[in-house]
Student: 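Before we start, here is the structure in question, set down as structure tokens.
As the structure is a computational prediction, the values presented were derived from the model and not from experiment.
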Amino acid sequence: MLNSRGCRFHLEFKLHCHSKTLFLPARSSSSNVKKKRYGGVLPSILRSLDSDKDLEKTLASVCENLSPKEQTVVLKEQSNCERLIRVFEFFKSLKDYVPNVIHYNIVLRALGRAQKWDKLRLCWIEMAKNGVLPTNNTYGMLVDVYGKAGMVKEALLWIKHMRLRGLYPDEVTMNTVVRVLKDAGDFDRADRFYKDWCIGRVDLNDIELDSMIDLDNGSGSAISFKQFLSTELFRTGGRSPVSGTSGSTDTESSVRKPRLTSTYNTLIDLYGKAGRLKDAADVFAEMLKSGVAMDTITFNTMIFTCGSHGHLLEAESLLAKMEERGIPPDTKTYNIFLSLYASAGNIEAALEYYRKIRKVGLFPDIVTHRAVLHILCERNMVQEAETVIEEMEEFGIHIDEQSLPVIIKMYIAEGLLDRAKMLFEKFILDHELSSKTSAAIIDAYAERGLWSEAEAVFYGKRDSPRQNRSVLEYNVMVKAYGKAELYDKAYSLFKSMRNHGTWPDECTYNSLIQMFSGGDLVDHARDLLGEMRAAGLKPKCQTYSSLIACYARLGQLSDAVDVYQEMISAGVKPNEVVFGSLINGFAETGGVEEALQYFRMMEESGISANKIVLTSLIKAYTKVGCLEGAKRAYEKIKDLEGGPDIVASNSMLNLYADLGMVSEARCVFDNLKENGSADGFSFAAMMYLYKSMGMLDEAIDVADEMKQSGLLRDCSSYNKVMACYVTNGQLRGCGELLHEMINRKILPDMGTFNVLLTSLKKGGIPIEAVTQLQSSYQEGKPYARQAVIITLFSLVGLHAYALKSCDAIIKAEIPLESFVYNAMIYAYGSSGQIDKALNVFMKMKDDGLEPDIITHINLVSCYGKAGMLEGVKRIYSQLKFGEIEPNESLFKAVMDAYKDANKPDLAELVNQEMKFAFEGPDYSESEIEGESKSEDIVLDL
């Protein structure tokens with residue numbers, strides 16, 4: 001904290017400030033810089049040059065008799081590089097013109113900023129030919145323009161050239177070098193250069209020409225930067241300056257201390273960005289101690305340094321001290337606090353600093369509005385963002401282009417598509433979007449799958465000369481179609497690109513190939529891969545891997561291998577995804593040797609096997625029942641971070657189940673349950689194991705546990721548990737699960753009906769009835785599914801569920817087939833509602849359907865339960881005398897009917913008749929007479 005005796009930060013660093021040291025405002029503070037005004041004839045000359053189209057004519061009429069200083073002003077005030085060169089050429093053409101370094105510095109700076117490197121080179125050579133020697137200002141300026149162009153090594157070579165000439169960098173040049181290195185992130189070299197300069201030494205021996213990278217400067221010149229700097233640059237102007245000239249040598253022996261505010265500002269920023277907070281604080285303290293004037297930039301830099309490292313209280317105290325010392329904060333000061341508090345998540349504090357800007361008499365700039373809108377929009381704070389936009393409009397300030405995609409993205413996230421559209425349409429009325437901004441907006445829609453909205457932006461207004469859409473815009477539109485799985489539209493857009501003057505790039509091809517591969521459109525993907533390579537573009541590893549994975553997924557492994565070989569031939573190194581896809585593909589088809597071959601190749605290439613690859617190996621070993629190989633792979637997974645995942649564990653569990661290894665499977669299963677990761681497959685594997693080993697009680701326990709765990713979420717999981725209940729004879733449990741499944745609107749599938757039909761057989765439903773229901777279901781007849789379910793519910797005593805379905809079918813009053821009537825007769829009869837069962841039978845006859853063997857079985861059962869012996873007798877008589885084809889199930893039904901009617905003796909007689917009919921034994925004469933009497937008794941009854 002700052003106190004009356006000085007400034008101390010309770011951080012990793014301390015600022016030693018003395019109360020006697022004054023904070024002096026710097027003369028060059030950016031907050032009060034004003035555009036320089038010129039006197040005499042210069043204003044009118046400058047106006048003429050700006051307004052007249054014929055520049056040379058104007059120059060000839062008004063600029064022939066200017067002094068060197070006036071010429072300097074005219075050169076400096078030119079708005080672009082081309083005009084500056086023309087003015088300079090005019091001055092050089094004057095008879096009494098004397099070349100001077102100031103003019104050349106202005107021209108070199110303009111050429112460097114415009115990155116016209118060939119012209120800069122020629123200007124440098126011309127300067128030397130005219131005997132004009134570069135000064136510290138010249139070198140500092142060249143370092144600056146090369147550094148801002150991103151050519152840091154080239155910038156430093158100018159300093160090397162400077163030292164060869166015997167010139168020593170002054171403080172301004174040193175500051176420029178440190179700033180260039182700082183901005184390039186080379187903090188250590190920047191610090192070293194500064195400290196060497198302070199002790200009178202500038203050593204750049206680590207900058208070698210051989211380390212330079214030739215860069216194409218876009219001018220079409222055959223001479224590279226490296227050649228220029230190693231030949232013309234070091235030859236030209238290489239002689240030592242004459243003593244007493246403006247470029248006099250600065251000795252290296254003296255110890256130097258910086259005296260400029262800008263130097264200290266650069267050093268504070270350097271150490272802050274390097275994370276060296278103590279060094280930043282020491283520079284700040286030294287600045288105070290040396291009496292170097294501080295300015296707004298000094299405090300802004302210190303505030304940002306403290307705040308960006310989490311020390312917001314210290315940043316606040318610096319602001320207070322800044323105001324106390326009479327150094328006014330500027331808009332950038334408040335922008336810094338706005339961003340710092342936003343980064344810390346304190347949105348209210350950030351907005352408070354936004355509001356403070358106007359309260360203290362300042363005005364928000366474009367950075368302010370951009371920052372506050374980004375903060376609010378990233379958090380989807382719609383109302384607050386719109387309030388800021390309204391305030392901007394009140395002051396005649398428009399949303400800047402960089403903020404537009406952010407605001408639209410917020411509206412999209414909140415589902416406010418109309419507002420997003422309105423904002424976009426309003427913006428493009430007065431602005432031409434750059435391709436980058438247009439692509440960002442299209443991408444915002446694409447991410448949400450809103451392809452039609454993205455399409456509207458893509459095909460939107462194009463009134464400016466920039467009619468051609470950029471490849472970036474095409475790429476994000478392709479992405480939008482891909483997200484929506486509109487592959488035809490994506491391909492059509494791709495094919496139209498060239499017709500509109502835009503050529504696809506690597507990103508276009510990579511996206512399309514990956515998109516088509518993901519959609520299993522493997523032929524399209526393969527064709528595009530060939531086209532891409534023919535165009536001289538290099539597919540990424542991810543592109544090859546997506547195509548290989550697609551072929552593997554489709555089981556086309558020979559094609560997958562072909563693409564792999566093509567990938568190797570193209571010099572693209574495969575990654576773990578490529579090997580994993582191949583290994584998994586062969587594992588799925590039981591190709592253990594091939595899977596192991598690619599596994600070995602992966603290890604030989606230095607790629608460590610991950611869980612996915614090792615799990616694929618386990619699957620491969622499982623396919624061929626190779627326990628030892630699977631166990632080795634499983635042990636490797638255990639050594640990986642996090643251990644085996646559910647897929648690997650289930651694979652081992654499945655192998656143990658297939659091999660009947662109960663204890664090993666139980667161990668894996670228990671571990672999964674302890675970790676809370678056991679899923680439906682885990683339980684199903686254990687149920688299968690226990691059932692196959694005859695351990696039915698244990699199988700039921702696992703089924704109940706699975707049910708209680710809430711893992712019955714789909715048809716497959718219900719089928720497995722119901723099958724387990726059926727195997728153990730718990731048919732009612734199967735029926736209850738079926739009802740639960742239907743209530744949850746999970747549609748039974750073929751596997752479900754297989755379990756239900758097995759339940760009917762196991763529950764004693766006549767085989768003829770089961771066969772009839774099965775064939776009806778397989779043929780897809782109407783109400784076949786309902787008939788099976790009704791029969792199952794009736795069998796297990798869940799009569800309410802069965803009768804509810806029956807009532808619904810009867811109310812529908814539509815034509816039904818015999819099997820449906822049979823199921824309903826059985827349902828009503830088994831529930832004791834004999835009258836309704838007989839009514840269904842009568843309706844069946846009214847519909848012209850003759851009773852079949854199943855109808856008779858169900859009817860005789862109803863007669864028996866109701867004690868209607870005449871009905872039983874009638875059906876038995878028809879069976880006896882051949883009116884109904886002899887059927888063992890019907891004989892048994894008649895026997896059961898007599899038993900239900902409390903006529904066990906008659907039931908036994910029918911049993912004897914059934915034996916005679918189906919076994920045909922030899923009877924004695926007395927038995928035949930007895931049988932004849934029995935028939936008479938039965939028929940009389």
Student: Between T502 and R498 (side chain of the first, backbone of the second, donor and acceptor by atom type, cut-off under 3.5 Å), is there such a pair?
Tutor: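 Answer holds: no.
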Student: Quick check on the 6.0 Å ring-centre criterion: do Y474 and F458 meet it?
Tutor: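 Yes: the rings meet the under 6.0 Å criterion.
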Student: What is the distance from atom CZ of F516 to atom CG of L547, rounded to the nearest 0.5 Å?
Tutor: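 Rounded to the nearest 0.5 Å, the CZ-CG separation comes out at 12.0 Å.
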Student: For D418 and K421, indicate whether the former's side chain and the latter's backbone hold a donor-acceptor pair under 3.5 Å.
Tutor: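 Such a contact is absent between D418 side chain and K421 backbone.
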Student: Closer than 3.5 angstrom, by distance alone: can the side chain of N675 be matched with the main-chain N or O of N671 as a donor-acceptor pair?
Tutor: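 Yes, because the side chain of N675 sits within donor-acceptor range (under 3.5 Å) of the backbone of N671.
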Student: Measure across M515 and A490 and return the closest heavy-atom pair with its distance rounded to 0.1 Å.
Tutor: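 In this case the closest contact between M515 and A490 is SD-CB, 3.8 Å.
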Student: Between C507 and S511, is there a side-chain heavy-atom distance shorter than 4.5 Å?
Tutor: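 Side-chain contact under 4.5 Å: yes.
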Student: Could you tell me whether the side chain of E698 reaches within less than 4.5 Å of the side chain of M693, counting heavy atoms only?
Tutor: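 Answer no - side chains too far apart.
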Student: Taking the side chain from S569 and the backbone from Q565, do they hold a donor-acceptor pair closer than 3.5 Å?
Tutor: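 A pair under 3.5 Å: yes.
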Student: Please list, chain by chain and in numerical order, all residues satisfying side-chain hydrogen bond (donor to acceptor under 3.5 Å, both in side chains) with T508, sequence neighbours excluded.
Tutor: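 For T508 the side-chain hydrogen bond (donor to acceptor under 3.5 Å, both in side chains) partners, ignoring immediate neighbours, are N475, D505.
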Student: To the nearest 0.5 Å, tell me how far S649 OG sits from I637 CD1.
Tutor: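 One gets 8.0 Å once the value is rounded to the nearest 0.5 Å.
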Student: Using distance alone, with no hydrogens and no angle criterion, decide if S496 and N499 have a side-chain donor and acceptor under 3.5 Å apart.
Tutor: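 Side chains of S496 and N499: no pair found under 3.5 Å.
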Student: With Y598, which residues qualify under ring pair (Phe, Tyr, Trp, His ring centres under 6.0 Å), at least two apart?
Tutor: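 With neighbours one apart ignored, the set is Y564, F586.
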Student: First locate atom CG of L795, then atom NZ of K761, and finally report the distance between them rounded to the nearest 0.5 Å.
Tutor: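 Interatomic distance, L795 CG to K761 NZ, rounded to 0.5 Å: 14.0 Å.
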Student: In terms of heavy-atom contacts, does NZ of K691 have more than 12 from other residues, nucleotides or ligands at under 6.0 Å?
Tutor: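 For K691, atom NZ is crowded (more than 12 foreign heavy atoms under 6.0 Å).
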Student: Pairs in or reaching into residues 572-596: which pass salt bridge (charged side-chain N to carboxylate O under 4.0 Å, His left out), with residues at least two apart or in two chains?
Tutor: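 Qualifying pairs: E588-K619.
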Student: Rounded to the nearest 0.5 Å, what separation is found between the SG atom of C550 and the CG atom of L554?
Tutor: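 If we round to the nearest 0.5 Å, C550:SG and L554:CG are 4.5 Å apart.
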Student: Mind jotting down which residue pairs meet the salt bridge (charged side-chain N to carboxylate O under 4.0 Å, His left out) criterion with at least one end in residues 718-735? Sequence neighbours excluded, please.
Tutor: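 Every pair satisfying salt bridge (charged side-chain N to carboxylate O under 4.0 Å, His left out) with a residue in residues 718-735: R732-E736.
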Student: Just grab all the salt bridge (charged side-chain N to carboxylate O under 4.0 Å, His left out) pairs involving residues 475-492, residues at least two apart or on different chains.
Tutor: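 Listed once each, the pairs are D443-K479, E447-K479, E447-K483, E455-K489.
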Student: Scan the side chains in residues 517-535 for donor-acceptor partners under 3.5 Å anywhere in the protein, sequence neighbours excluded, and list what turns up.
Tutor:
{"from": "S517", "atom 1": "OG", "to": "I513", "atom 2": "O", "distance (Å)": "2.7"}
{"from": "D520", "atom 1": "OD1", "to": "R553", "atom 2": "NE", "distance (Å)": "3.1"}
{"from": "D520", "atom 1": "OD1", "to": "R553", "atom 2": "NH2", "distance (Å)": "2.7"}
{"from": "R526", "atom 1": "NH1", "to": "Y551", "atom 2": "OH", "distance (Å)": "3.3"}
{"from": "E531", "atom 1": "OE2", "to": "Y509", "atom 2": "OH", "distance (Å)": "2.9"}
{"from": "R533", "atom 1": "NH1", "to": "E566", "atom 2": "OE2", "distance (Å)": "3.4"}

Student: Taking side chain as C-beta onward, heavy atoms only, is M687 less than 4.5 Å from M706?
Tutor: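 Yes, at least one pair of side-chain atoms sits under 4.5 Å.
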Student: Working to the nearest 0.5 angstrom, can you tell me the gap between I441 CD1 and I428 CD1?
Tutor: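 Output value for this atom pair is 9.0 Å.
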Student: Under the 3.5 angstrom rule, does the side chain of K611 hit a backbone N or O of G643 as a donor-acceptor pair?
Tutor: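 Answer holds: yes.
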Student: Is there a donor-acceptor contact under 3.5 Å linking the side chains of Y634 and T615?
Tutor: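 No, no side-chain donor-acceptor pair sits under 3.5 Å.
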Student: From L792 CG over to L798 CG, what is the distance, rounded to the nearest 0.5 angstrom?
Tutor: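 Reported value, rounded in 0.5 Å steps: 8.0 Å.
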Student: Strictly by salt bridge (charged side-chain N to carboxylate O under 4.0 Å, His left out), give each pair with a member in residues 637-656 just once, sequence neighbours left out.
Tutor: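 As it turns out, the salt bridge (charged side-chain N to carboxylate O under 4.0 Å, His left out) pairs with a partner in residues 637-656, which skip direct neighbours, are E635-K638.
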Student: Mind checking whether Y491 and L512 have side chains closer than 4.5 Å, heavy atoms only?
Tutor: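 In short, these two side chains do not touch, never coming nearer than 4.5 Å.
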Student: Quick one: are L689 and L653 in side-chain contact, heavy atoms under 4.5 Å?
Tutor: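 Counting from C-beta outward, L689 and L653 never come under 4.5 Å.
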Student: Show, in sequence, the C-alpha distance, side-chain angles and deciding distance for L655 and I618, and conclude whether the side chain to side chain contact (heavy atoms under 4.5 Å, CB included) test is met.
Tutor: CA-CA 9 Å; L655 178 58; I618 293 174; 5.7 Å; no
Student: Holding to side chain to side chain contact (heavy atoms under 4.5 Å, CB included), I want the full list of residues that pass it with A678, two or more places apart in sequence or in another chain.
Tutor: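 With neighbours one apart ignored, the set is L672, K673, S682, F683.
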Student: Looking only at the side chains, is there a donor atom on one of D749 and N719 sitting less than 3.5 Å from an acceptor on the other?
Tutor: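 Result is yes, a qualifying pair exists.
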Student: Which residues pass the ring pair (Phe, Tyr, Trp, His ring centres under 6.0 Å) test with Y688, not counting sequence neighbours?
Tutor: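 Checked Y688 against ring pair (Phe, Tyr, Trp, His ring centres under 6.0 Å); zero matches.
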Student: Provide the full list of ring-ring contact (aromatic ring centres under 6.0 Å, His included) pairs with a residue in residues 729-762, sequence neighbours left out, each pair given once.
Tutor: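 Applying ring-ring contact (aromatic ring centres under 6.0 Å, His included) to every pair that reaches into residues 729-762, excluding sequence neighbours, yields H739-Y801, F753-Y777.
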Student: Would you say the side chains of S470 and E473 form a donor-acceptor pair under 3.5 Å?
Tutor: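 Yes, E473 and S470 have a side-chain donor paired with an acceptor closer than 3.5 Å.
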Student: Is the shortest heavy-atom distance from the side chain of T791 to the side chain of L756 under 4.5 Å?
Tutor: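 Not in contact.
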Student: Apply side chain to side chain donor-acceptor pair (under 3.5 Å) to the pair E628 and Y621, showing each step before the final yes or no.
Tutor: CA-CA 8 Å; E628 290 305 314; Y621 286 124; over 6 Å; no
Student: Taking I612's backbone N and O only, do any of them form a donor-acceptor pair with N610's side chain (distance below 3.5 Å, no angle check)?
Tutor: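 Indeed, once roles are kept as given, a pair shorter than 3.5 Å links the two residues.
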Student: Passes side chain to side chain contact (heavy atoms under 4.5 Å, CB included), I742 versus I789? Steps please.
Tutor: CA-CA 10 Å; I742 294 170; I789 293 171; 4.1 Å; yes
Student: Check whether any side-chain heavy atom of L737 lies under 4.5 Å from a side-chain heavy atom of K707, and answer yes or no.
Tutor: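 They are in contact (side-chain heavy atoms under 4.5 Å apart), so the answer is yes.
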Student: Just to verify, what does E506 make a side-chain hydrogen bond (donor to acceptor under 3.5 Å, both in side chains) with, not counting sequence neighbours?
Tutor: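 For E506, no residue satisfies side-chain hydrogen bond (donor to acceptor under 3.5 Å, both in side chains) once neighbours in sequence are set aside.
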Student: Using the side chain to side chain donor-acceptor pair (under 3.5 Å) rule, take S717 and D714 through it: C-alpha gap first, then chi angles, then the decisive distance, then the call.
Tutor: CA-CA 6 Å; S717 57; D714 54 21; 2.8 Å; yes
Student: Let me see the working for I442 and S438 under side chain to side chain contact (heavy atoms under 4.5 Å, CB included), right down to the final yes or no.
Tutor: CA-CA 6 Å; I442 295 169; S438 176; 3.9 Å; yes
Student: Could you tell me if the side chain of I408 sits less than 4.5 Å from the side chain of I412, heavy atoms only?
Tutor: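 Side chain of I412 against side chain of I408, heavy atoms only: contact under 4.5 Å found.
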Student: Are T543 and Q514 close enough that a side-chain donor and a side-chain acceptor fall under 3.5 Å?
Tutor: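 Looking only at side-chain atoms, Q514 and T543 do form a donor-acceptor pair, the distance falling under 3.5 Å.
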Student: Testing the basics here: between A552 and L557, what is the closest heavy-atom pair and its distance to 0.1 Å?
Tutor: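 Scanning both residues completely, I find the closest heavy atoms to be CA-CD2, 3.9 Å.
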Student: Does M695 CE have over 12 foreign heavy atoms under 6.0 Å away?
Tutor: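 More than 12 within 6.0 Å, yes.
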Student: Do E817 and K781 meet the salt-bridge criterion of a basic N to acidic O distance under 4.0 Å?
Tutor: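 Salt bridge present between K781 and E817.
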Student: Residues in side-chain hydrogen bond (donor to acceptor under 3.5 Å, both in side chains) with Y690, at least two apart?
Tutor: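 Y690: side-chain hydrogen bond (donor to acceptor under 3.5 Å, both in side chains) contacts with R666.
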Student: Please determine whether side chain to side chain contact (heavy atoms under 4.5 Å, CB included) holds for the pair D704 and Y725, giving the CA-CA distance in whole Å, both sets of side-chain angles, and the decisive distance to 0.1 Å.
Tutor: CA-CA 10 Å; D704 290 339; Y725 281 142; 2.4 Å; yes
